[in-house]
Number of protein chains: 2
Amino acid sequence: MILSKTCIYGIQAAIYVAAESEGNYVSISVVAEKLHLSFHFLTKVLQQFTSAGLMTSYRGPKGGIALGRESKDITLYDMIASIDGTELFTECMLGLPGCGHAEPCPAHDHWVEVRQKFTLIAKNLTLQQLAKNATKLNVRLSDSSSVMSAIDFAATERRKR
Amino acid sequence: MILSKTCIYGIQAAIYVAAESEGNYVSISVVAEKLHLSFHFLTKVLQQFTSAGLMTSYRGPKGGIALGRESKDITLYDMIASIDGTELFTECMLGLPGCGHAEPCPAHDHWVEVRQKFTLIAKNLTLQQLAKNATKLNVRLSDSSSVMSAIDFAATERRKR
DNA sequence: TGTATTCCAGATTTCGGTGTCCGAATTCAA
DNA sequence: TTGAATTCGGACACCGAAATCTGGAATACA
């Protein structure tokens with residue numbers, strides 16, 4: 001698993017918020033229900049986004065979460081970094097502490113190619129694009145209630161266990 | 001962590017065997033000592049290599065492990081696949097079960113690029129190359145006893161905990 | 001044949017990621 | 001002012017990966 005489950009849930013929730021809420025606050029319980037996740041667990045996940053500034057939250061009735069800035073200014077890299085950290089983009093494939101340009105591990109040069117490509121993509125892929133793809137996907141699948149057909153499918157799979 | 005620790009230990013051990021043993025059987029206890037790993041644990045890791053045919057083992061005095069075929073015919077992909085499996089090369093970044101060409105997730109196209117590049121590199125990078133880089137590295141660092149300077153360094157870091 | 005050496009197989013423990021739960025703090029509305 | 005709705009923060013349980021331990025089987029050699 002390249003990303004932790006916690007991180008994946010966070011990204012899915014962010015896509016949902018970006019695609020569904022039009023700047024309004026959305027209750028976490030609603031998001032949790034749509035994605036078929038535990039409400040309490042999603043709460044903890046999203047707290048990491050809010051403390052990183054990617055989202056803002058508001059307590060009380062009519063409260064909830066919203067994007068902290070425009071979806072075109074939130075990248076996949078931002079989301080991954082605020083939950084899983086940046087190790088994925090910097091670490092050695094063989095887990096060797098000293099590995100770098102000066103003291104490369106046997107696989108260093110090859111792995112750096114992959115790492116850099118991933119970093120580049122993650123930093124250029126915005127939440128706006130992800131949300132747009134998600135809605136486009138919905139049109140193609142022409143699925144019923146939710147915009148998040150694919151994510152909904154994952155949720156169904158998850159529920160089976 | 002892109003690879004499991006188990007997998008990393010296995011790859012390190014394989015590099016050691018390829019670089020140090022000249023076709024002879026090497027005792028697992030020797031490898032474990034060099035890499036500063038638990039002997040019993042490394043035993044279990046290497047069993048996965050032997051059952052996959054990447055290595056052969058021999059019991060009794062003068063026994064140990066050796067490469068199952070020439071180091072140029074063992075790829076990084078082989079080693080990863082036999083311990084961590086092939087999910088890494090096929091799975092969706094967002095963990096969506098149905099994700100694929102037909103029903104792509106919002107990040108599918110971008111992730112596939114990275115995944116393919118990694119797969120290509122892993123399938124073309126052989127144990128022979130890795131072992132050569134390891135010895136080359138040693139020359140550059142001109143470090144004392146072991147050929148595996150970088151790996152040795154990692155082992156030292158590990159021991160600190 | 002006996003013994004030391006080595007890998008094999010399985011049970012057990014440790015540990016970190018995952019997930020649950022509950023009380024506290026904040027805000028809105030009656 | 002009171003009560004309901006909501007996020008916040010921490011405590012705790014669960015589960016699979018990581019690591020350890022124990023006994024057994026195969027082999028070489030004296």
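These numbers come from the heavy atoms of this one structure, side chains and all, not from hydrogens, waters or symmetry mates. Below, chain A is the first sequence line, B the second, and so on; all start at residue 1.
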Which nucleotide, D:dC8, C:dC8, C:dT18, lies nearest any side-chain atom of A:Thr50? D:dC8
Spacing between B:Gln47 atom CD and D:dA26 atom C1', to the nearest angstrom: 14 Å
Reckon A:Leu46 touches a base, only the sugar-phosphate, or nothing at all at heavy-atom distances under 4.0 Å? nothing
Taking D:dG9, C:dG10, C:dC7 as options, the one with an atom nearest any side-chain atom of B:Lys44 is C:dG10
Could you check how far CD1 of B:Ile28 sits from P of C:dC8, rounded to whole Å? 6 Å
Result for 5'-nearest mapping on DNA chain C, choosing between A:Met1 and B:Ile65, is B:Ile65
Can you check the A:Asp84 CG to C:dG16 C1' distance for me, whole Å? 14 Å
Look at A:Ser38 and C:dT20 and indicate whether a side-chain polar atom (N or O) is within less than 4.0 Å of OP1 or OP2. yes
In whole angstroms, the gap separating P of D:dA18 from CG of B:Leu42 amounts to 14 Å
Value in whole Å for how far the P atom of C:dA30 lies from NZ of A:Lys62: 10 Å
Sorted by position of nearest nucleotide on DNA chain C, 5' first, the leading residue of A:Leu3 and A:Gly60 is A:Leu3
Verify the contact: side-chain N or O of A:Tyr9 to OP1 or OP2 of C:dG19, cut-off strictly under 4.0 Å; return yes or no. yes
Rounded to whole Å, the CD-C1' distance (B:Glu33 to C:dT6) equals 15 Å
Can you tell me if the side-chain N/O atoms of A:Tyr58 get under 4.0 Å from OP1 or OP2 in C:dC28? yes
In whole angstrom, what separates B:His36's NE2 from D:dT20's P? 14 Å
Below the 4.0 Å mark, does C:dC7 have OP1 or OP2 next to a side-chain nitrogen or oxygen of B:Ser57? no
Regarding the side chain of B:Phe41, the nearest nucleotide among C:dT18, D:dC29, D:dA19 is D:dA19
Using whole Å, report how far CG of B:Leu35 lies from C1' of D:dA19. 16 Å
Output the single nucleotide from D:dC29, D:dA19, D:dA4 whose closest atom is nearest the side chain of B:Lys5. D:dA19
Does A:Arg59 contact C:dT27 through a side-chain donor or acceptor facing the base, at a distance under 3.5 Å? no
Dump the intermediate steps for side-chain contact (heavy atoms from CB on, under 4.5 Å) on B:Leu127 and B:Leu67, then the final yes or no. CA-CA 10 Å; B:Leu127 183 54; B:Leu67 298 185; 3.9 Å; yes
Work out which heavy atom in B:Leu94 is nearest to a heavy atom in A:Gln12; give both atom names and the distance. O-NE2, 3.6 Å
With a cut-off of less than 4.0 Å, is there a side-chain N or O of A:Thr6 near OP1 or OP2 of C:dT18? yes
Could you please spell out the steps behind the side-chain contact (heavy atoms from CB on, under 4.5 Å) verdict for B:Phe49 and B:Ser82? CA-CA 7 Å; B:Phe49 277 163; B:Ser82 63; 3.3 Å; yes
Distance in Å, A:Gln47 CD paired with A:Ile28 CD1, rounded so as to fall on 0.5 Å steps: 7.5 Å
For D:dA17 and B:Ser4 - does any side-chain N or O of the residue sit under 4.0 Å from the phosphate oxygens OP1/OP2? no
What distance separates A:Thr86 OG1 from A:Glu91 CD, expressed to the nearest 0.5 Å? 9.5 Å
Using side chain to side chain donor-acceptor pair (under 3.5 Å), reason through A:Asp78 and A:Thr75 one step at a time and then give a plain yes or no. CA-CA 5 Å; A:Asp78 294 331; A:Thr75 67; 3.1 Å; yes
Nearest to side-chain heavy atoms of B:His40, which nucleotide of D:dT6, D:dT22, D:dA28: D:dT22
